[in-house]
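To start, the structure itself, in structure tokens.
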Amino acid sequence: MLDPHPRRHRNAFDPAPYERELTGIIEKILAAPELDDRALDRIAKKHPKDGVGLFSRSEIIAGFRHFSARRSWNVEEADFVERLRMRPVRTQSGVTPVTVLTKPFPCPGSCIFCPNDVRMPKSYLASEPGAQRAEDNDFDPYLQTWNRIAAYRGIGHPVDKVELIILGGTWSFHPEPYQIWFVKRCFDAMNDFGEGVDRRMDAVAAPAAFGSVPGLDGRALGSGYNRVVREALADRNAGKLLHPSEAATWTELERAQRANEAATCRNVGLSIETRPDHVTPDEIQRIRRLGGTKVQLGLQSLSDRVLAMNRRGHDVATSRSALRLLRSAGFKVHAHWMPNLHGATPEADEQDFARLFDDPGFRPDELKIYPCSLVESAELMVHYERGEWRPYGADELLGVLKACLARTPAYCRVTRVIRDFSSGDIVTGNRVANLREVAEAALRREGRPCRDIRAREIRGGGFDPEGTRLADLEYETSTGSEVFLQWVTQGDELLGFLRLSLPRRDAPAPEELRDSAVIREVHIYGASLSLGRRAPGRVQHVGLGRQLIERACEIASAAGYSGLAVISAVGTRAYYRELGFREGALYQHRALTPAPRTPPPL
Ligand code: SF4
């Protein structure tokens, strides 16, 4: 039978026909006293693939995995991978990020800067690398997750701790059955992959609910996106936006989640992206039930005038309210903020950014800075052609970014400073891909280096335990106080941190969190090691996380709280149980002995 979706298997490599060559390579690698790139190259050339080509590292690792059971190599796969010097660059922050996209679907927003590529979920372009992977998998959550984990594993990354990042349009606008199904299928893929089970053909056999639509050139100006996508979906799904196969029940999801608690490939974080005006107490509860721990929230600007000029459809007060609700429910907030919007100026942007951290109503945990880029399908084209909007010049943009990075506090992680659009998609505006490096280098030369989390996190190397210290950074928020507890080295490198929320008694909070302090995040840096493995001198698994949690208990107890809750991911529940936390409805809890409260000064 012909493979109906050959693209999905284009990376598959079967080591079986190459036993002689691959075992020859592997045995020489194991026997080599030292192995560098040149030595590996020499070994590979002695055992060519099909008589002419060279085996890649991922193929050699696949060979090790395939043949090791029958050979007496006495070497763990992880140690073999380490020997091959496969440096896990993308997993240095301790977890393996797996990004998946929802299918093209109408969006309630009509933001003028937003691309309208009807082959993609709203705001994404088919040329973006992550979007291409999603399209290759027909936006199927199982295929996307399974194939991405397989790709990581193929190049030697540990995949036992997976952070799931769900992107695409406005998550909260998708019908609930689709949301449950989407997340369940991601969990199915993690569970199956860990067990060595491959059910990708089942997903392939299911009727494709979207996939690429022949005949569309990708452009649909303005609200045309919603119309075209609605029609395409209805056409494929008997007049409906969802195919009957794209639905699951809460019971089915919870079964998949429970299986993941003890799985080999566990989910240690789950984020979705949505708009501030869709953040409500009910929506927050739904995201939590899905297993969500983080929300990417499009703020874009803190100016009502700029929001209105860009037809965001919500105001700053709504953004403030969304952040308060999310924070009070223990979520991490990954904000998106855009300079150079229609109606903005470089000076106004610098002031806008300052408000993001000066005002306790905002102060996000993570931040994507997306300077507005003009793409052809965005409605902003009209304003550009009328001369009402122009992209900042290179120096203006660099100046704004420098000001932003210099002002970002130590508790925030700036994850991006530009959008991943290809230069061919950008009509006008910045095309410099490494703008962040340029801005950071300039700040260093000026003696005011960037101090955000990303600039300080340790990059998987060793550290001297003698020189480390635990430092508290406390700041006010709209719901109370926040303590950013951080392990730092003598050289101010960040080994790990914990976000502890100490809410005011009168702050709104879900019933389950009343009178509780809340751990919103625990993160230990270092190359992502397999659970249970130790590497001398590396950061993870040396008890830093436990010590952070014990310190959080002391702080919360001293502040008079009778309980400490944690917004745990599904795959970290077992870890917290070991530390004395017990299951609640949506959070885990540990009882505290509250210290008597000091009365406030008269
Ligand atoms: S809400 Fe987001 S995805 Fe929707 S139009 Fe606005 S920017 Fe685009």
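Owing to the predicted nature of the structure, the values given are computational and were not obtained by experimental measurement.
- For the pair R431 and F421, the cation-pi test (distance below 6.0 Å, angle within 45°) is failed.
- Rounded to the nearest 0.5 angstrom, M190 CE and R148 CZ are separated by 14.5 Å.
- A distance-only check finds no donor-acceptor pair linking the side chain of W487 to the backbone of L494 [under 3.5 Å].
- Less than 6.0 angstrom separates the ring centroid of Y370 from the ring centroid of H336.
- The main-chain N or O of G543 is never found under 3.5 Å from a side-chain atom of R546 such that the two would form a donor-acceptor pair.
- Rounding to the nearest 0.5 angstrom, the gap separating the CD1 atom in I26 from the CD1 atom in I43 is 11.0 Å.
- The salt bridge (Lys or Arg N to Asp or Glu O under 4.0 Å) search around D452 returns R436, not counting sequence neighbours.
- A search for side chain to side chain contact (heavy atoms under 4.5 Å, CB included) contacts involving A256 returns K184, F187, D188, N191, not counting sequence neighbours.
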Run the salt bridge (charged side-chain N to carboxylate O under 4.0 Å, His left out) test on E550 and R590 for me, step by step, so that the C-alpha distance in whole Å, both residues' side-chain angles and the decisive distance to 0.1 Å come before the verdict. CA-CA 11 Å; E550 294 308 323; R590 184 162 142 178; 2.9 Å; yes
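- Side-chain contact check for C450 versus T408: every heavy-atom pair is 4.5 Å or farther apart.
- Residues satisfying the salt bridge (Lys or Arg N to Asp or Glu O under 4.0 Å) test with E195, not counting sequence neighbours, are none.
- Residues W73 and E27 bring a donor and an acceptor atom of their side chains to less than 3.5 Å of each other.
- Counting only heavy atoms from C-beta outward, the side chains of P104 and F139 approach each other to under 4.5 Å.
- Side chains of F581 and L564 form a contact here, defined as non-hydrogen atoms less than 4.5 Å apart.
- A side-chain hydrogen bond (donor to acceptor under 3.5 Å, both in side chains) with D365 is found for exactly one of R413, R520, K332, K294, namely R520.
- Looking at heavy atoms from C-beta onward, R419 lies in side-chain contact with E128 at the 4.5 angstrom threshold.
- In this structure the side chain of K49 never reaches within 4.5 angstrom of the side chain of E21, judged on heavy atoms.
- Not one N or O on the side chain of H157 forms a donor-acceptor pair closer than 3.5 Å with the backbone of V159.
- A donor-acceptor contact closer than 3.5 angstrom is absent between the side chains of S271 and H334.
- Between I453 and F484, some side-chain heavy-atom pair lies under the 4.5 Å cut-off.
- At distances below 3.5 Å, at least one donor-acceptor pair connects side-chain atoms of Q179 with backbone N or O atoms of W171.
- Proximity of the aromatic rings of H66 and F64 is defined here by a centroid distance below 6.0 angstrom, and this criterion is not met.
- Take R416 and apply the side chain to side chain donor-acceptor pair (under 3.5 Å) test, not counting sequence neighbours, and it matches no residue.
- Within the 4.5 Å cutoff, the side chain of L495 has no heavy atoms near those of the V488 side chain.
- Heavy-atom minimum distance, I25 versus A44: CD1-CA, 4.2 Å.
- For the pair R65 and F67, the cation-pi criterion (under 6.0 Å, within 45° of the ring axis) is not fulfilled.
- Checking side-chain atoms of R551 against main-chain N and O of L485 turns up no donor-acceptor pair under 3.5 Å.
- Side chains of Q144 and R185: no donor on one and acceptor on the other come within 3.5 Å.
- Taking CE of M201 as the start and CZ of R199 as the end, the distance is 14.5 Å to the nearest 0.5 Å.
- Judged by distance alone, with hydrogens and angles left aside, the side-chain atoms of N267 form a donor-acceptor pair with the main-chain N or O of V162 at under 3.5 Å.
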For Q296 and L167: C-alpha separation, side-chain torsions, deciding distance, then whether side chain to side chain contact (heavy atoms under 4.5 Å, CB included) applies. CA-CA 9 Å; Q296 295 205 36; L167 299 180; 3.6 Å; yes
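- Here the straight-line distance linking atom CD of Q547 with atom OG1 of T468 works out to 8.0 Å at 0.5 Å rounding.
- No side-chain donor-acceptor contact under 3.5 Å links R133 and N147.
- Within the model, atoms CG of D192 and CG of D202 stand 9.0 Å from one another, a figure rounded to the nearest 0.5 Å.
- E135 places no side-chain N or O within 3.5 Å of a backbone atom of Q132 that could act as its donor or acceptor partner.
- Between the OG1 atom in T23 and the NZ atom in K28 there is a gap of 9.0 Å [rounded to 0.5 Å].
- For K122 against P115, the heavy-atom pair with the smallest separation is NZ-O, 3.0 Å.
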Before giving the answer on side chain to side chain contact (heavy atoms under 4.5 Å, CB included), spell out for T145 and C186 the whole-Å C-alpha distance, their side-chain angles and the decisive distance to 0.1 Å. CA-CA 6 Å; T145 308; C186 294; 3.6 Å; yes
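- In this structure, L22 and G63 approach most closely via the heavy-atom pair CD1-CA, 4.0 Å.
- Y178 and F105 have parallel rings, their planes meeting at less than 30° on a 0 to 90° scale where 60° marks the start of perpendicular.
- Between L101 and T99 the shortest heavy-atom distance is CD1-CG2, 4.3 Å.
- Scored by the side chain to side chain donor-acceptor pair (under 3.5 Å) test, E19 finds R70, R71 as partners (sequence neighbours excluded).
- Closest non-hydrogen pair, A335 versus P364, comes out as CB-CB, 3.7 Å.
- For the residue pair Y576 / Q588, no side-chain donor-acceptor distance below 3.5 Å is found, with atom types taken as modelled.
- Y587 carries R288 over the face of its six-membered ring, with the cationic atom under 6.0 Å from the centre and within 45° of the normal.
- When all heavy atoms of L473 and A410 are compared, the pair lying nearest together is CD2-CB, 4.1 Å.
- Between R451 and D492 there is a salt bridge, since at least one side-chain N of the basic residue sits less than 4.0 Å from a carboxylate O of the acidic one.
- In this structure, R289 is positioned above the aromatic face of W250, its NZ or CZ under 6.0 Å from the six-membered ring centre and within 45° of the axis.
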Go through the steps for T102 and H174 under the test side chain to side chain contact (heavy atoms under 4.5 Å, CB included), then give the verdict. CA-CA 9 Å; T102 52; H174 286 280; 3.7 Å; yes
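- Although no hydrogens or angles enter the test, the distance criterion places no donor-acceptor pair under 3.5 Å between the side chain of E261 and the main chain of R258.
- Remark: V268 engages V95, K161, T572 in a side chain to side chain contact (heavy atoms under 4.5 Å, CB included) (not counting sequence neighbours).
- Taking 4.5 Å as the limit, every side-chain heavy atom of V414 sits out of range of all side-chain heavy atoms of R454.
- Y142 and N137 form no side-chain donor-acceptor contact under 3.5 Å, judged by distance and modelled atom types alone.
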Checking side chain to side chain contact (heavy atoms under 4.5 Å, CB included) for the pair L253/L290: CA distance, chi angles, key distance, verdict? CA-CA 8 Å; L253 170 62; L290 291 166; 3.8 Å; yes
